[in-house]
Amino acid sequence: MHGEYKVPGGKLVVVDLDVEGGALRNVRVAGDFFLEPDEAILAIDAALEGAPATTDTAGLAARIEAALPDSTVMLGLSAEGVAIAVRRALAQATEWSDYDWQLIHEAPQSPALHMALDEVITAEVAAGVRPPTLRVWEWDSPAVIIGSFQSLRNEVDPAGVERHGVNVVRRISGGGAMFAEPSSTITYSLAVPQSLVSGLSFADSYAYLDDWVLEALADMGIKAWYQPLNDIATEVGKIAGAAQKRVVGPDGGPGAVLHHVTMAYDIDADKMLEVLRIGKEKMSDKGTRSAKKRVDPLRRQTGLPRQVVIERMIDSFRRRHGLTDGHVTDAELARAEGLVRTKFATEEWTARVP
C-alpha cells in the first residue's frame, strides 16, 4: 500500500507498507523533508512496524513521538503528518496526479445559479460522469451568501440589502456568511472525488484542499497559511474563507467533496457592515474589535488587477496538477436552472432557517 501527504506549509511524506494479520508490516517512510539525526527515520519505521491497522491518526502519531530520539529535529515534517500518510495508504487514497482535472471559467452568472452549479457539478463528480473540476466563478451582481445552517435574520440586514441591491442566497455547505461583489471577489470551487481526501479528518481536508492556493499566493509574493477551521490568512489579515459539503455517490457509495473558497480581492467594508449583521461574539472569537480589520484584500497585497490574480492562480494549479479547459454542459446547465427555480431562488430555501 502506498500513501502520500503534503504537510500544509511543509514537505511531502510518502509511506509504503503492507498489512499482514491486521498489523502494519514492512513500513518505509520517505519524502523531501529534513530530519535529524539520521537514525530518526529508522525509529519512525520501527515505531509503526506491527501497529494495528485500525490505529487512528492520533495513536500512530503517539507511537512515533515516543520512539524519536530526544535530539530529533523535524523540518517540513511532523509525527501527525506521517500518521496521516499511513492512514491514507490504508484507505487507498488517491492523489492529485491520479486525475485529469478540468477547468470551468465562464461568463458572469447569477448568485443563485452559482449555488445550483455547485450542487450539480459535485453530484456529477460523485457519480463518476464528470472529472474532478476547478470552477472559477464570475458574478453578475453583488450577493450575500449565507451558510446552510445560518439564520437569515441573524446574518442579513434587510434594509442594507435593499439599499444596495444585494441578492441573498443560501448555499449547500455550512460555515459563515460572505459578501461578494463582481469586481471585488475571487471565488472558486473544487469538486473532487471522496477518495482524494480519504484518510484525512474533516479539518485536515480543508488544509489539504487549500494547499495549492497557498502555493499560488506564494508565487505572487504573499505569505499565506491555513488557519483552522476554514480561513486563509496572512500577517496583515484574513484574505479568504472556505466551506465544504460531502455528497454521497449513487447507491450510497463513495461520493465527492465540494470545497469552495471566497477570497477578498478588494472590499467595501462600510457596505459589508451595512448588509451583514456581524455579531460581537464573532468579533471576540476572531480577536479583533472591528470587522473592517478582519479582511485584508488581495488588491493591496499584490498590486495586480483582479483578472491577473485569477490567471496566475489558474496557471499555478495547471503547473502543479494539470488542467484542461472545459465548460458546463447543456445538460448540467439545464439541471442547475431547474434547481434555481425550485430551490435556490425560493423563499422556502433562503429562509429555511428564519
Side-chain angles (χ1 to χ4, degrees), residues 6-12 32 76 95-97 99-109 114 117-118 121 131-140 142-143 145 178-192 196 205-227 230-244 258-268 294-328:
K6 185 180 181 300
V7 177
K11 299 294 185 176
L12 180 69
D32 60 354
E95 308 298 335
W96 295 85
S97 59
Y99 300 105
D100 295 323
W101 292 86
Q102 186 172 113
L103 170 70
I104 295 176
H105 187 198
E106 299 185 334
Q109 293 159 319
H114 279 305
L117 284 170
D118 260 1
I121 289 171
T133 299
L134 168 64
R135 184 170 74 91
V136 180
W137 304 17
E138 297 292 348
W139 301 86
D140 73 357
I145 309 97
M178 307 296 292
F179 173 54
E181 291 189 287
S183 62
S184 301
T185 306
I186 297 173
T187 307
Y188 66 86
S189 301
L190 282 171
V192 307
L196 184 64
S205 71
Y206 274 85
Y208 186 70
L209 295 176
D210 279 339
D211 196 61
W212 75 273
V213 81
L214 299 186
E215 294 180 341
L217 291 168
D219 291 344
M220 290 181 270
I222 298 176
K223 181 181 179 181
W225 58 86
Y226 164 73
Q227 184 168 295
N230 61 336
D231 288 349
I232 296 174
T234 69
E235 293 178 349
V236 289
K238 170 182 171 180
I239 57 174
Q244 286 188 6
L258 168 66
H259 179 91
H260 45 197
V261 173
T262 295
M263 310 181 77
Y265 170 72
D266 202 355
I267 194 164
D268 185 331
R294 288 183 57 205
V295 181
D296 192 78
L298 287 171
R299 179 180 181 180
R300 189 184 72 79
Q301 293 201 47
T302 65
L304 298 171
R306 174 181 175 275
Q307 192 57 39
V308 172
V309 173
I310 291 174
E311 290 171 358
R312 292 194 181 184
M313 288 172 58
I314 292 172
D315 288 345
S316 180
F317 191 104
R318 197 187 306 273
R319 288 195 307 273
R320 288 175 170 87
H321 306 304
L323 196 59
T324 301
D325 291 344
H327 62 277
V328 175

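Note: hydrogens, waters and symmetry copies are ignored here, and every other heavy atom, side chains too, is used. On a predicted model such as this, the values are computed, not experimentally measured, just so you know.
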Nearest-0.5 Å distance that lies between atom CD in Glu181 and atom CG in Asp268: 6.0 Å

Pairing of Arg306 and Asp266 as salt bridge, 4.0 angstrom limit: no

Please give me the minimum heavy-atom distance between Leu323 and Arg318, naming the atom from each residue. O-NH1, 2.6 Å

Going by the rule side chain to side chain donor-acceptor pair (under 3.5 Å), which residues pair with Trp139 if we only count those two or more places apart in sequence or in a different chain? Thr187

Keeping Asp32 on the side-chain end and Leu12 on the backbone end, is there a donor-acceptor pair under 3.5 Å? yes

side-chain contact (heavy atoms from CB on, under 4.5 Å), that's the test. Do Lys223 and Gln301 meet it? Break it down for me. CA-CA 10 Å; Lys223 181 181 179 181; Gln301 293 201 47; over 6 Å; no

Is there a donor-acceptor pair closer than 3.5 Å between any side-chain N or O of Glu106 and the backbone N or O of Val328? yes

Could you measure the distance from the OG1 atom of Thr324 to the CH2 atom of Trp101? Nearest 0.5 Å is fine. 12.0 Å

Taking every non-hydrogen atom, the tightest pair across Glu235 and Trp225: N-CH2, 3.3 Å

Can you see which heavy atom on Asp100 is nearest to which on Pro131, and at what distance? O-CB, 3.4 Å

Do Trp137 and Ser189 have side-chain atoms, one donor and one acceptor, less than 3.5 Å apart? yes

Find out whether His105 and Ile310 are in side-chain contact, i.e. whether some heavy atom of one side chain is under 4.5 Å from a heavy atom of the other. yes

Residue pairs involving residues 213-222 (criterion salt bridge (charged side-chain N to carboxylate O under 4.0 Å, His left out); sequence neighbours excluded): Lys6-Glu215, Glu215-Arg320, Asp219-Arg319, Asp219-Arg320

Return the CG to CZ distance between Leu217 and Arg312, rounded to the nearest 0.5 Å. 12.0 Å

What residues form a side chain to side chain donor-acceptor pair (under 3.5 Å) with His327, not counting sequence neighbours? none

Ile267 side, atom CD1; Ile239 side, atom CD1 - distance, nearest 0.5 Å: 12.5 Å

Nearest heavy-atom pair of Ala180 and Ile145: which atoms, and what distance? CB-CD1, 4.0 Å

I want to check something: taking the side chain as every heavy atom from C-beta on, are His114 and Arg135 in contact at a cut-off of under 4.5 Å? yes

Nearest heavy atoms of Leu209 and Leu190, plus distance in Å: O-CD1, 3.7 Å

Give a yes or no on whether Arg299 atom CZ has more than 12 heavy-atom contacts from other residues, nucleotides or ligands under 6.0 Å away. no

What I'd like to find out is whether the side chain of Val136 reaches to under 4.5 Å of the side chain of Met313, using heavy atoms alone. no

Tyr206 side chain near Asp231 side chain, heavy-atom distance below 4.5 Å: no

Hey, what do you get for CD (Gln102) to CG (Asp325), rounding to the nearest 0.5 Å? 8.5 Å

Stepwise side-chain contact (heavy atoms from CB on, under 4.5 Å) test for Val309 and Met263: CA-CA 11 Å; Val309 173; Met263 310 181 77; over 6 Å; no

Where is the tightest heavy-atom contact between Pro142 and Pro182, given as atom of each residue plus distance? N-CD, 3.9 Å

Leu103 and Phe317: CA distance, side-chain angles, deciding distance, side-chain contact (heavy atoms from CB on, under 4.5 Å) verdict: CA-CA 10 Å; Leu103 170 70; Phe317 191 104; over 6 Å; no

Show, in sequence, the C-alpha distance, side-chain angles and deciding distance for Leu134 and Trp212, and conclude whether the side-chain contact (heavy atoms from CB on, under 4.5 Å) test is met. CA-CA 12 Å; Leu134 168 64; Trp212 75 273; 4.2 Å; yes

Check whether any side-chain heavy atom of Thr302 sits under 4.5 Å from a side-chain heavy atom of Val308, and report yes or no. no

What class does the angle between the rings of His321 and Trp96 fall in, given that below 30° is parallel, 30 to 60° is tilted and above 60° is perpendicular? parallel

So, His259 and Asp210: side-chain donor and acceptor under 3.5 Å apart, yes or no? yes

If I take atom CG from residue Asp118 and atom NE2 from residue His260, how far apart are they, to the nearest 0.5 angstrom? 5.5 Å

